[in-house]
Engineer: 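This is the structure, below, for whatever I ask next.
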Amino acid sequence: MMSMQIQLFLVDANCLYPCTIPISVDFLASSAFMETDTVAIIGPQSSGTAHILSHLANELQVPMLSFTALDPMLSPLQYPYFIQTAPSDLFQMIAVADIISFYGWREVVTIYSDDDHNRNGVTVLGDQLAERLCKITYKAVLPPDPTVTENDVRAELEKVQQMESRVIVLHAYTKTGLLVFNVAKRLGMMESGYVWFTTTWLSSILDSNSSLVATSIQGVLALRLHTPDSKRKADFSARWNSLSNGTIGLNPYGLYAYDTVWMIARAVKMFLDQGNNVSFSNDTKLNNVGGGALNLEALSIFDGGKQLLSSVLQTNMNGLTGPIKFNPDRSLVHPSYDVINVLENGYRQIGYWSNYSGLSIVPPEELYAKPPNRSSSNQHLNSVIWPGGTSNKPRGWVFPNNGKQLRIGVPRRVGYRDFVEQVNGTDIVHGYCIDVFLAAIKLLPYAVPHKFVLFGNGHENPSYNELVNMVAADVFDAAVGDIAIVTNRTKIVDFTQPYIESGLVVVAPVRNMNSSPWAFLRPFTPLMWAVTGVFFLIVGVVVWILEHRINDEFRGSPRKQVMTILWFSFSTMFFAHRENTVSTLGRMVLIIWLFVVLIINSSYTASLTSILTVQQLSSPIRGIDSLIISNSPIGFQVGSFAENYMVEELNIPKSRLIKLGSPEEYASALETGRVAAVVDEQPYIDLFLSNHCKFSIRGQEFTKSGWGFAFPRDSPLAVDMSTALLTLSENGELQKIHNRWLSKRACQNSGAESDQLHLQSFWGLFLICGVSCVIALLIYLFFILRKFKRHSQQASEPSSHGSSSSARLQTFLTFADMKEDKSRSKSKRKRNNDLMNGGRNSNLPGMDPIC
Ligand code: SER
C-alpha cells in the first residue's frame with residue numbers, strides 16, 4: 001500500500017519537492033533509508049512498529065507521519081515527532097461506544113488480536129463504554145494476525161457462545177477479522193440474535209475489494225473513515241480507477257495517504273520558505289552506543305527537525321479527506337466516520353458519527369455550521385438489517401446456559417403464605433409475589449423459560465439472605481418472592497424496581513381507653529376542674545355583690561341569697577340563669593364570663609368527643625425509640641432481614657430478639673407478653689392487623705424499602721423486569737394483583753361497632769345523677785316525715801291513735817300529696833318570726849324551703 005501512495009504522489013503534477021527531498025516510507029523494510037539523511041518519514045503501517053520507531057524519530061528529530069498506525073496510546077507527549085495524519089482510533093472507539101449506547105445494550109464481548117494496536121483500542125473502548133454505563137463482559141484474545149489459526153479462533157468463539165452478551169466488537173487486522181467471521185458463520189454465530197461491530201478494517205477491505213462481501217459478514221455494522229464528497233475527491237477517484245484499471249478500489253486510507261504526502265510537501269515548502277536549510281549532524285549518543293549490525297553510527301540528526309515538525313503541525317489545507325488541521329493536542333479537527341451495514345450485495349450507509357454531534361443521518365459537514373448537539377434525542381441512525389436478515393433490533397443478550405430454563409428460587413414460606421405458597425406439597429407455587437412476577441414476564445417481548453425451585457425446609461420460613469446469596473453463587477438464576485431490597489443484598493445481586501413498599505414498623509398490643517366510666521372527666525385536668533369550679537363561685541359572688549343593692553332578685557333571706565349565688569353561678573354553665581342582671585358592671589362581668597364559659601364548654605365537648613370516639617390506644621410502646629429503650633423482648637419474623645437490622649443498625653442486643661414464625665405466633669406472643677412488640681415489614685403487618693384487632697402499629701414506619709426480584713449482578717433481565725414492573729404499576733395491574741391477594745379483611749371486632757359509644761363510658765355520670773337523686777329523695781323524705789309527724793301531733797285526732805298502719809300510710813300519702821299552701825307557709829314563717837319575737841304559736845302545716 002505504501003508504494004502505491006508514493007506513485008500517487010509522483011503522478012500529481014503540482015508536487016513541489018518530490019525529487020529533492022528523500023522520504024522514507026517504511027523504516028524497517030529498508031534500513032538503507034535510515035542511513036540516508038532523512039527529513040521526514042511516512043509510516044509505519046502498524047502501531048506496534050510505530051511504538052519502536054518513534055523513539056528513533058525522536059532521537060533523530062525526524063517527523064514521522066502515519067495514517068494507519070492509529071493506536072490511541074501513541075501519545076504525542078511520549079513521541080513528539082510522531083504524528084497521526086488520520087483520526088486516532090480513540091475516536092472510532094468513542095463511535096462504537098456511542099452506537100452501543102444508542103441501541104441500549106449494556107454488555108459487550110470484544111474479540112481482538114493481541115497486539116499493541118488492537119489491545120490498546122479495546123482498552124480505550126472499555127473506558128468509553130464505562131462512561132456510558134456499559135461494559136465489556138468478556139475479552140476474547142486471539143494471537144497476533146500473522147500467527148492466528150482457525151483453531152485459535154474456534155476455541156475463543158466457542159467461549160463467546162457461552163456468554164450472556166450477544167453484542168460482539170471485532171477489532172483486528174484483515175486476516176484475523178475475516179477468519180473470525182468464517183468460523184463464526186460455521187458456529188451459527190451470524191444468525192439472528194447476534195450483533196457484530198467491526199472497526200474500520202472491514203470497510204477498508206470492502207472498499208478495496210467489494211467481491212469480498214460474503215454471507216458470513218451480512219448484517220455486520222462497521223465504521224469507515226468519513227471523507228466529505230468533493231469534486232477533487234471524485235476526480236482523484238476517477239484517475240485512480242483508470243490507473244488501477246478498476247482492480248483495486250480506493251479506501252479512505254488511500255486518500256489519507258495522499259493527503260499525508262501533501263502535508264509533508266507543504267510543510268517542507270514552508271520550512272524552506274522560512275529560510276531554513278536541510279542539514280544533518282552526527283548523533284554522538286548513537287555513535288557511542290555502537291549499533292553493530294544496525295549501523296546506528298550511520299544515522300544523523302536532522303538539524304531542522306523541530307522547525308519542520310512545527311510546519312507540519314501548522315498544516316491548514318483542504319485535502320481529499322476534507323479540511324486538514326491539527327488541534328493543540330495534535331488530533332485532527334472534526335474526526336468522523338460513516339456507519340455502514342453490510343448487506344448481501346454490498347453495504348449501505350445507515351448514518352454518520354462525528355466527534356462534533358455524535359450519530360446523525362446527515363453528513364457531519366452539514367452539522368459543523370450548527371452548534372454541537374450530543375444530546376440523546378439528537379442521535380439518529382437509519383434502520384439496520386441485522387445478522388439473520390432481521391430488521392428488529394436484537395435484544396443483545398441471551399439467557400445464560402444457552403437458553404435453558406431459568407432456575408428461580410422461591411421461599412418455601414410457612415407463615416404469611418398469601419405472599420408465596422407451595423400448593424399442597426407440589427412444585428407449583430402461587431401467591432401475590434408469584435402473580436406479580438408472572439404478570440411482569442408476560443410483558444417482556446421475549447419468552448422467559450423458567451421453573452420455580454422452592455427454598456426452605458418447610459418447617460420455618462427460610463433465611464432470605466441465604467436465598468439471595470444463592471443467586472449470587474449462581475445456584476439460582478433469580479429469586480422471586482417477598483424479598484426486601486436491603487443494602488447488604490444489593491451488594492451481591494441486582495434487584496428489580498420495588499413492586500411494593502415494605503418499611504419496618506412496630507406492632508404492640510393496645511388497650512382501648514374510651515371504656516372508662518370516668519372518661520367524661522378526662523377532657524380537663526384536676527387543676528382545670530378545680531379552677532373552673534372556683535371561678536363559677538367567684539363570678540356568682542361578684543355578680544351578687546354588684547347586683548345586691550339594686551336588684552330584687554339578688555335580695556332576700558341570707559339562705560335564699562346563698563342559694564341564688566350558687567344557682568346563678570352554676571346555671572351560667574348552660575346559659576340557663578334566670579336572674580336578670582341590671583347593673584352595668586354586673587352585665588359586663590357576666591358577658592365576659594359567658595364568653596369564657598362558651599370556650600370552656602366547646603373545648604370540653606370537642607375533647608370529650610375525641611376521647612370517646614377516636615381510638616385512644618394505650619401502650620407503653622410508642623414507636624421504635626421507646627421500644628429500644630424499653631429493654632423488653634422484641635419479636636421478629638424468622639428468616640427476615642429485620643433481625644440483622646435491629647442488631648446491626650439499632651444496636652438491640654440479640655438476647656432481646658425472639659423469632660416468630662406466623663401471625664398466630666405474633667398474636668400469642670403479644671398477648672402473653674412474651675414480646676412487648678413485633679418488628680416486621682408493613683405488608684405482613686397489614687395482613688396481621690386485618691385479623692387481629694387487639695394490636696396496632698405504634699409510631700411511624702422507620703425504614704423505607706420495598707420488595708423486588710433478585711437477579712445476578714448486571715443481569716439485563718433485571719433491567720427489562722424493572723421496566724415491566726413499572727408498566728404494571730402504571731396500568732393498575734399491580735394494584736389488582738394486590739387486591740386479589742392482600743385486600744384487607746376488616747377486623748371482626750372493630751368496624752362500625754367501634755364507632756358506637758357504650759354504657760361503660762357513661763355509667764359514672766349516671767351513677768352521680770342517680771346518687772344525687774337518691775340523696776335528694778332521702779332528704780325530702782326526712783323532712784316530710786318530720787312535718788307529717790308534727791302535723792299529726794297538732795291535729796291530735798283521736799281516731800288516728802288507734803288507726804291501722806295502712807290507714808296511717810294512707811294519711812301520710814294524702815299529706816304528701818297535699819299541695820302546700822304557700823300563703824300558709826309564709827304566714828307560718830311570719831308566725832315563727834312573731835313567736836321568736838314573743839308572738840303566738842301556730843299549728844298550721846308548712847313546707848321547709850329545702851323541700
Ligand atoms: N421480607 C423479608 C426479607 O426479605 C422476609 O420476611 O428478609
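For ligands, and for the atoms within them, numbers begin at 1 and follow the listed sequence. For clarity, every value in this text was computed on a predicted model and none was experimentally measured.
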Engineer: Answer yes or no: is there an ion pair linking K135 with D714, defined by an N-O contact shorter than 4.0 Å?
Structural biologist: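 Between D714 and K135 there is a salt bridge, with a charged N closer than 4.0 Å to a carboxylate O.
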Engineer: Which protein heavy atom lies closest to atom 6 (O) of ligand 1, and at what distance to 0.1 Å?
Structural biologist: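 Looking at atom 6 (O) of ligand 1, the protein heavy atom closest to it is Y684 OH, 3.0 Å.
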Engineer: For atom 7 (O) of ligand 1, state which one of R413, R489, E681 supplies the nearest heavy atom.
Structural biologist: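 Answer by nearest heavy atom: R489.
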Engineer: Can you pull out every salt bridge (Lys or Arg N to Asp or Glu O under 4.0 Å) where at least one residue sits in residues 429-447? Sequence neighbours excluded, please.
Structural biologist: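 Checked against salt bridge (Lys or Arg N to Asp or Glu O under 4.0 Å) - neighbours excluded - the pairs reaching residues 429-447 are D435-R740.
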Engineer: Do the side chains of T137 and V108 get nearer than 4.5 Å, heavy atoms only?
Structural biologist: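 Sidechains of T137 and V108: no contact.
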Engineer: In terms of side-chain geometry, is the basic nitrogen of E671 or K694 positioned less than 4.0 Å from the acidic oxygen of its partner?
Structural biologist: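 Salt bridge: yes.
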Engineer: So if I count the atoms of ligand 1 from 1 in the order they appear, which ones are less than 4.0 Å from some heavy atom of W707?
Structural biologist: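 Within the 4.0 Å cut-off of W707, ligand 1 contributes 1 (N).
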Engineer: With atoms numbered from 1 as shown, which atoms in ligand 1 lie under 4.0 angstrom from a non-hydrogen atom of I483?
Structural biologist: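 So the answer, numbered in order with elements, is 4 (O).
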Engineer: With the threshold set at 4.0 Å, does a side-chain nitrogen-carboxylate oxygen contact exist between R413 and D482?
Structural biologist: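 A salt bridge is present here (some side-chain N lies under 4.0 Å from a carboxylate O).
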Engineer: Side chain, backbone, both or neither: which part of Y464 comes within less than 4.0 Å of ligand 1 when only heavy atoms are counted?
Structural biologist: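 Within the 4.0 Å criterion, Y464 contacts ligand 1 through side-chain atoms alone.
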